[in-house]
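One structure is given here, and the rest of the page talks about it.
Lettering of chains follows the sequences in order, A, B, ..., and the numbering in each one begins at 1.
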Amino acid sequence: MSDPSRYLPQAIEERWQRRWRELDLDDTPDTGEGQPCYALSMFPYPSGSLHMGHVRNYVITDVYARVQRMRGRRVLHPMGWDAFGLPAENAAIERGVNPADWTEQNIAQMRGQLQRLGLSIDWSREIATCHPDYYRWTQWLFLQFLDAGLAYQKEASVNWDPIDQTVLANEQVDGEGRSWRSGAKVEKRLLRQWFLRITAYADALVDDLPALTGWPERVRTMQANWIGRSEGAELRFAVVAPGGSAPIDPICVFTTRPDTIYGATYLVLAPEHPLVDRLTTPEQALAVAAFRDLVSGQSEQDRTAEDRPKRGVPLGSQVINPASGAEIPLWIADYVLADYGTGAVMGVPAHDQRDFLFARRHELPIRQVIIPEGSEADTYLGEAWTQEGVLIESGPFTGLSASEARQAITDAATREGWGQSRRQYRLRDWLISRQRYWGCPIPVVHCPSCGVVPVPADQLPVELPRDVAFSGKGASPLAQLEDWVNVPCPSCQGPARRETDTMDTFMCSSWYYLRYSDPLCDSLPFRREAVDQWLPVDQYVGGIEHAILHLLYSRFFTKVLRDRGLLGFDEPFERLLTQGMVQGITYRNPHSGRYVAPADVSDPADPRDPQTGERLEVTYDKMSKSKYNGVDPARVIETYGADTARMFILFKAPPEKDLEWDDADVEGQFRFLQRIWRLVDSCLQRGLTLAPVAPEAAAPGAAAPQSAAADASAVVPAASGATPAPSPASETDRELRRAVHGAITAVQADLEGNLQFNTAISELMKLSNAMATALEQASPEVAREALRTLLLLLAPFAPHLAEELWQKLGAGADAGGEGSIHRQRWPVADPTALVRDTIPLVIQVKGKVRGSLDVPADADSATLERLALASDIALKWLEGQPPRRVIVVPGKLVNLVP
RNA sequence: GGGAGCGUGCCGGAAUUGGUAGACGGACUCGACUCAAAAUCGAGCGCCCUCGGGCAUGUGGGUUCGAGUCCCACCGCUCCCACCA
């Protein structure tokens, strides 16, 4: 028989998980009392195994959800699967398994692993993006975009991932030109692709960022940078038509510095600019062709490196500077990008460093038109002057400040018809088509006579055919399926072909949080009343890697659907927590660069390479197979239990910081739970138990509705469900009650605003330490109050242990689940318990702490000053001199300044 | 180059937002229990010291009765963007 005095998590966790499921404890109350609260984790890709990053993510959300439930709110806490994607297709190619089957198996396995963590998830709302009853609505939403003119096809130079054999969106290529998934260097290809017009919402996406005060500043800045709005002007330069040829439209440039127009001494086009051929003179044709060949052979990476020499060739034609009237030469250069602005730049060497370098290299004139205030024009410029200043040599604008001139010149251009102000964005439209099988089919048909025809809504979903041949090469496997591809046109019934590209999986994940509000709805993606009840998400938790990708796309979707009248809010996620990485201890031989598995390191205090005996370098790194530094959550749960894993991951670091996984620390966390177990056990041995709570006082929603006052402040007199305040007799009782109610106040503060689980748990430790010494001397009522409170505060963090001890102590009259600790109300602090008769008053002399004095808690400033001056401390440090100044901070300190 | 953030014991990290720096935990040391080990319990744990104290929150300055917290400069680290005109 197992020793009842020992904490054996394995013996209790599964039992409670089963019991809670029977009681439907985690069901979402769609109606009833209490404010709705939506707690959401970013849903996982079903890779087949849960890793520590998942555990951290879901535990954070779970604790949040559990606390909100105990505080009387109706909580939606769902889970689902971001189930389309390449790994399934690759498994099909490599091992011949069907992607759908592979995905289903992985989901089943991961669902089991999640359930072992004791997460309070409403599994009845589970979704998977690869199920037809989900992707039917992804397709329906795509058609909404199409209908709104926000989805279109165009031929464009796009990012091609040579490993995954598909195109990618700009957001999915990192700063080094690598695919976010495969890590391959992407290539540029000219292809006809589907885009969503996210740029139409660029202003809204930027302008609404400041209002997202519940988001980390960092994420907001990243999004603003990514959208990259800049204000400037579009200016038109007339072309001096090459001898006798037909007149050519003026060339547009975008500039943020119209004030420097008089300094424009040449104009550059991107080598790919469509006008290049027409503007090249016969003498320059060879040179231009050669240069364009050179550029097209370069990778994006080589081309955009900042420190490269700026190469280019003149086209032979001239344009007219619209402000000065000067004829200036036209060039092409590799430092001008075809897909930003107009693909054309006015060259102002004196006031743009790139233009400066280009002009020097190609001996183009450098004309200074802005000088620092109070200085004179330099005869020799060492570099471009890019800051503010005063205009010179600028016709009627000479003498204006640069900022005045920006406005004045733009106004003049508008008046005279050679330009106007313009906003430019770095953001490009979102490329959503993928040449892969395992994704949501794009629901359109290409008809030779009708063009692009949407599949009618009543024919959705366009289902993925199950049996296809996976080659992994070239076009989507769907294109090979003649039976599937050839369909009658929905419009004219003539022969037509289905679109064979599928959607970027980020399309599926851009609206899943909306579906959870109404997961079974089969007439719409969701009903307006359901989505408006639960959304926006109160607390969203996920990794920083989605700071731009998923979070930007989801904001875009929300705004479009709002404009279509499908929902009634502007932003999907009210508060966002970006949790840090979980890192594993990593051993590396600094000479060979080889990684060594922790299991092969015999002495962690002096880690040596088992082969060479060399000293190993120790770091904490993102867990990965190649570094042998992964920690398997299943193993941790088996060894220590889910409660320990949950507590550890929350305690070890603040949630948004990276967390260094260390088995020794996990051990320490287990010891804490064991101490609580023994604490309760010793109470039971002495016959101390808790009385069952009356069900009507316990059930959330059934109890008095959570009032605004109770929500806003922890420090209100005990409400329903709380024990009547015992009248403590002894000093021990008073101290214990102070510890208990101090803990309630502190934990409450840590869970409000910023979620500081680490300090909340340390408060629980302090309380349990205080109870360990005081419980036996305390009166039974006070001891019971302490026990009850400790377990209630512990319940969201260690749900199984808290429930087990709650029941052992007899607090749950477990009928219909009302007696579960997870149906109890969150404790409310009693402010009178925190009151003390005397407080320690710090005595400072000249700002240095010299001691402290016990003084009556309610003493006024004058009394405090008198007490301080009369103290031994003052006597000693003032050496009889009266202080020049006395600063009294009531309740805190007295500072004597001699 | 532009932007955001960070720097506190051996380590992870606290510090009511200007009021006793180092909460809580880990590691470590000593002690109790034990034949022994583990577990558990108790004590210690920033540095220096002549035991009165002195010095300490990356460095240097400033504001203040009082600065980890505010201001200026510098050093170092992390992340994002970057030939974006």
Given atom [atom1] of [X] and atom [atom2] of [N], what is their separation to the nearest angstrom?
X	N	atom1	atom2	value
D662(A)	G12(B)	CG	C1'	9 Å
Q353(A)	A85(B)	CD	P	15 Å
N170(A)	C80(B)	CG	C1'	16 Å
Q669(A)	G12(B)	CD	P	17 Å
D750(A)	U16(B)	CG	P	11 Å
K652(A)	A27(B)	NZ	C1'	10 Å
K310(A)	C84(B)	NZ	P	9 Å
M222(A)	G2(B)	CE	C1'	15 Å

Could you check if a side-chain atom of L673(A) sits within less than 4.5 angstrom of a side-chain atom of Y640(A), using non-hydrogen atoms only? no
Is any side-chain heavy atom of L209(A) less than 4.5 Å from a side-chain heavy atom of R555(A)? yes
Just to be sure I follow the notation: if a pair is Watson-Crick (purine N1 to pyrimidine N3 plus N6-O4 or O6-N4) or a G-U wobble (N1-O2 and O6-N3), each under 3.5 Å, what dot-bracket string does RNA chain B give, with | for pairs to another strand? (((((((..(((......[....))).(((((.......))))).(((....)))..(((((..]....))))))))))))....
To the nearest 0.5 Å, tell me how far D339(A) CG sits from E272(A) CD. 8.5 Å
Does a side chain donor of either D658(A) or Y620(A) reach within less than 3.5 Å of an acceptor in the other side chain? no
Separation of the [atom1] atoms in [N] and [M], to the nearest angstrom:
N	M	atom1	value
G1(B)	C65(B)	C1'	45 Å
A73(B)	A56(B)	P	24 Å
U57(B)	A67(B)	C1'	11 Å
A36(B)	G26(B)	P	26 Å
U63(B)	U8(B)	C1'	22 Å
G2(B)	C84(B)	C1'	12 Å
U29(B)	G19(B)	P	38 Å
G18(B)	G66(B)	C1'	8 Å

Using the side-chain contact (heavy atoms from CB on, under 4.5 Å) rule, pick out the option among L751(A), V59(A), V747(A) that qualifies with F757(A). L751(A)
What is the glycosidic conformation of G9(B): syn, defined as within 90° of 0, or anti? syn
Looking at the angle O4'-C1'-N9-C4 for a purine or O4'-C1'-N1-C2 for a pyrimidine, is U16(B) syn or anti, with syn meaning within 90° of 0? anti
Check whether any side-chain nitrogen or oxygen of [X] sits under 4.0 Å from OP1 or OP2 of [N], and answer yes or no.
X	N	answer
K657(A)	G13(B)	yes
R354(A)	C84(B)	yes
R218(A)	C79(B)	no
R361(A)	C83(B)	no
R426(A)	C81(B)	no
N758(A)	A14(B)	yes
R678(A)	A39(B)	no

Between [X] and [Y], does at least one N-O distance fall below 4.0 Å, as a salt bridge requires?
X	Y	result
E234(A)	R423(A)	no
R257(A)	D352(A)	no
E735(A)	R738(A)	no

Measuring from the side chain of T256(A) (C-beta onward, heavy atoms only), which nucleotide among G54(B), A27(B), A85(B) has the closest atom? A85(B)
Could you check whether N895(A) gets within reach of a base, just the sugar-phosphate, or nothing at all, counting any heavy atom under 4.0 Å? base
Assert: residue with more 5' nearest nucleotide on RNA chain B, out of L893(A) and N225(A), is N225(A)
5'-most contact on RNA chain B (nearest-nucleotide basis), V897(A) vs Y340(A), goes to V897(A)
